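Here is the naming used below: chain letters follow the sequence lines, and residue numbers restart at 1 for every chain. Remember, it's a predicted structure, so these values are computed and weren't measured experimentally.
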Number of protein chains: 2
Amino acid sequence: MTDEETLHNAGIRITAVRLMIWKQIRHGFNSVFSLYDLEEAMPTVDRSTLFRTLTLFSDAHLLHNVDDGSGSQKYCVCHHDDTRHCLGHVHLTCVKCHKTFCLNNVTIPPVTLPEGFIPEETEYVVKGICGHCSTKPH
Amino acid sequence: MTDEETLHNAGIRITAVRLMIWKQIRHGFNSVFSLYDLEEAMPTVDRSTLFRTLTLFSDAHLLHNVDDGSGSQKYCVCHHDDTRHCLGHVHLTCVKCHKTFCLNNVTIPPVTLPEGFIPEETEYVVKGICGHCSTKPH
DNA sequence: TGATATTTGCAACTGGGTTGCACTTTTATG
DNA sequence: CATAAAAGTGCAACCCAGTTGCAAATATCA
């Protein structure tokens, strides 16, 4: 599936800017990224446009919002091929390099919720020191 | 254990303001609270003092920092009697009333982490509609 | 009691996110 | 193709929660 098809299938109108942003997201980041990361990578595009485009992609379920507890909103590409909403997966946040990684293959273990609580979304974040930072102490 | 003893045992110097803040936290909130909640409840104390005191209490493990994905830092009282660091427990966030609740009796189920990753803290947040909001639709 | 250290309040600043509005681009229609 | 309507974009300004520098107030110690 081409990038154009991906956007089109998600019901998103294609523009030059949006295609650029999508390609950057798709091919330019290896893990979770923030609005600030995107700003750094695409200085020619205005922050508000990036912000609105991220919101658009997120609403269209092309991206998944991640709260990693860093205080700033993070995003990652949904790797599920089906049209259903992404199921939550576990995220790791490194307290040294401040990068966040998806464990795409690890689904969140369920817990028993109190009666009457209707769950919508689950976030599971492990903070610690990532393999890269733990083997190469600075 | 009196409030004075609690602070003293945590290695915190006792002042009138700190004691007031601790009593408010301990007896004035029924669940997780934010800096803003504390500001509302104690308008005579300056925000920076509240902030610094929260940080102090948190460092002394009297409070537990909670990231509920709302974008603002939340805190809850550590209910563990031992001196060890609080083990993580599950939090529920209501997307309607924006309150966050602790499931003190539910510990976070572990997941298998990639080799080399050294975990320090785990956050498990379920977003949804709480019992109160789901039974009383507005 | 006077000197020193700690705490507190005020004000100002930061950073990430968000919005109003004018300008530009795209799309639809005659 | 011309042109009106709709949608997208950039700029600037704003908002909010959190954070910090500094001076005044308070507590501690010799």
Which is true for [X] with a 4.0 Å heavy-atom rule: it touches a base, it touches only sugar-phosphate, or it touches nothing?
X	result
B:T15	sugar-phosphate
A:S48	base
A:S72	sugar-phosphate
A:R18	sugar-phosphate

Do you see a donor-acceptor pair shorter than 3.5 Å between the side chains of A:D46 and A:T49?
no
Between A:T93 and A:T100, is there a side-chain donor-acceptor contact under 3.5 Å, judged purely by atom types and distance?
yes
Identify, between B:S34 and A:V17, the residue whose nearest nucleotide on DNA chain D lies closer to the 5' end.
A:V17
Name the residue closer to the 5' end of DNA chain D, choosing between A:T44 and B:I14 according to the nucleotide with the nearest heavy atom.
A:T44
Taking the nucleotide of DNA chain C with the closest heavy atom to each, which residue, A:R52 or A:R47, is nearer the 5' end?
A:R47
Separation of atom [atom1] in [X] from atom [atom2] in [N], rounded to whole Å:
X	N	atom1	atom2	value
A:H98	C:dG16	NE2	P	12 Å
A:D37	C:dG16	CG	C1'	13 Å
B:L56	D:dT19	CG	P	15 Å
B:F51	D:dG21	CZ	C1'	14 Å
A:F57	D:dG8	CZ	C1'	12 Å
B:D46	D:dA23	CG	C1'	14 Å
A:L35	C:dG17	CG	P	5 Å
B:I12	C:dT8	CD1	P	11 Å

What I want to find out is whether B:D3 reaches B:R18 closely enough, with some N-O distance under 4.0 Å, to be called a salt bridge.
no
Please test A:L54 against A:I25 for side chain to side chain contact (heavy atoms under 4.5 Å, CB included), starting from the C-alpha separation and ending with a verdict.
CA-CA 10 Å; A:L54 286 176; A:I25 290 173; 3.9 Å; yes
Supply the atom-to-atom distance A:N65 CG to A:L63 CG, rounded to the nearest 0.5 angstrom.
7.5 Å
With a 4.0 Å limit, can you tell me whether A:R13 has a side-chain N or O closer than that to the phosphate oxygens OP1/OP2 of D:dG8?
yes
